[in-house]
Amino acid sequence: MQTRPANFVLSIIIPVYNEADNIHTLYNEISNNIKTITNKELIFINDGSSDHTLEQIQALQQVDPSVHFINFSRNFGHQCALKAGLELCSGDVVISIDGDLQHPPSLLPLLLDKWKDGYDVVITIREELPGGNFFKRFTSHNFYRLLAKISDLRLKPGSADFRLLDRKVVDVLKRFEEIDIFYRGFVAWSGFKQYEISYVPEKRKSGATKYTTAKMIRLALNGLLGFSTLPLRLVTLTGLVISLVSFTYGFYAICIKIFSDSAISGWASIMTGIYFLGGVQLLCIGICGEYIGRIFMQVKKRPHYIIAETSLKQDP
Ligand code: UDP
Ligand code: MG
């Protein structure tokens with residue numbers, strides 16, 4: 001079994017976007033659960049908040065030097081905030097947790113125990129309770145099913161961005177240069193010794209969800225299109241099937257023309273054919289366009305985020 005260094009450094013990375021009312025409670029709960037750990041850093045990534053989130057973090061810094069912040073120049077999104085945290089933290093073990101207390105800080109000791117037991121990755125699975133947001137539950141469940149069908153990734157429904165990573169996994173994740181980030185997938189894809197913990201999500205302490213439907217769709221597309229080229233193959237297959245059908249239909253039309261003298265071609269069937277083919281073609285172009293758009297964004301190699309200010313040391 002792997003032994004962990006006795007005086008390890010723990011980094012906790014917390015993406016926050018307009019969470020001013022949650023910062024203090026979250027800090028207290030996290031601190032209470034990691035009291036026994038001497039070397040630690042709590043890194044808040046302020047993702048372009050327009051409220052007093054940054055001021056709240058800076059107030060904490062006055063009383064606790066282990067608190068740090070990374071302040072983005074604007075809102076870049078949750079996954080980019082996680083990336084900044086992973087890139088700038090220096091811990092031997094890193095835990096990412098949401099800033100709204102939906103990920104229970106009371107699980108932190110358990111995550112660390114599993115790491116001490118020799119696991120390099122401890123992921124958490126959100127247990128879906130009856131009630132709550134039906135739309136979110138339904139789309140999330142079907143997303144994971146679809147992802148499992150069209151790619152080699154096997155993500156459990158309810159996989160959350162609340163997880164522990166050993167330094168060697170963080171170093172692997174730092175090498176990912178994909179513009180469209182989907183950490184749940186990257187972590188599963190990376191392998192290593194993984195352990196799963198289920199948890200029941202709390203109600204959001206304060207404020208509303210920052211994951212709008214548009215942001216959720218974007219993340220889902222990053223997962224689906226980033227891990228599978230099957231949709232492209234389906235486009236080819238659809239084209240092939242439609243060509244075969246039209247060829248057979250053409251053959252049938254010729255036969256009618258030759259062998260029967262009542263060759264009336266119906267307006268309805270022509271129109272249906274045109275609309276159907278038009279629709280399928282647009283859909284196929286759309287799917288190809290999604291991939292081409294991603295290639296376009298990727299070749300530009302723009303940074304994932306811009307740091308306006310940070311209390312951490314940055315590599316030159
Ligand atoms: N978040 C962020 N940038 C964003 C959206 C969200 O940093 O653009 C943070 C947010 O402050 C929270 C975490 O990501 O700490 C998860 O977001 P949220 O709780 O709104 O998502 P939900 O739990 O509703 O899926
Ligand atoms: Mg939340």
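Ligands are counted one by one from 1 in listed order, and the atoms in each one are counted from 1 as well.
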Proximity winner for atom 1 (N) of ligand 1, if only heavy atoms of F162, F72, Y17, F76 are counted: Y17
Examine the proximity of ligand 1 to I14 and report which part, side chain or backbone, both or neither, has a heavy atom under 4.0 Å away. neither
Shortest heavy-atom approach to atom 20 (O) of ligand 1 - which of K215, K210, H103: K210
Going by the 4.0 angstrom heavy-atom rule, the piece of M216 near ligand 1 is neither
Report yes if some N/O of A208 lies less than 3.5 Å from some N/O of ligand 1; otherwise report no. no
Between Y195 and Y119 (judged by ring centroids, cut-off 6.0 Å), do the two rings come close enough to count as a pair? yes
Among N, O or S atoms, D100 approaches the Mg ion (ligand 2) most closely through OD2
Just checking: Q102, one of its N/O/S atoms, less than 2.8 Å away from the Mg ion (ligand 2), yes or no? yes
Do R175 and D171 sit within salt-bridge range, that is, some charged N less than 4.0 Å from a carboxylate O? no
Is any N or O atom of P15, backbone or side chain, closer than 3.5 Å to an N or O atom of ligand 1? yes
Closest candidate by heavy atom, reference atom 24 (O) of ligand 1, pool L82, T209, L219: T209
Taking the six-membered ring for Trp, is the centroid-to-centroid distance between H78 and Y17 below 6.0 Å? no
Could you tell me whether D120 and R4 make a salt bridge, using a distance below 4.0 angstrom between a side-chain N and a carboxylate O? yes
Where on E19 is there a heavy atom closer than 4.0 Å to ligand 1, on the side chain, on the backbone, on both, or on neither? side chain
Stepwise side chain to side chain donor-acceptor pair (under 3.5 Å) test for D51 and Q56: CA-CA 10 Å; D51 66 356; Q56 297 290 341; over 6 Å; no
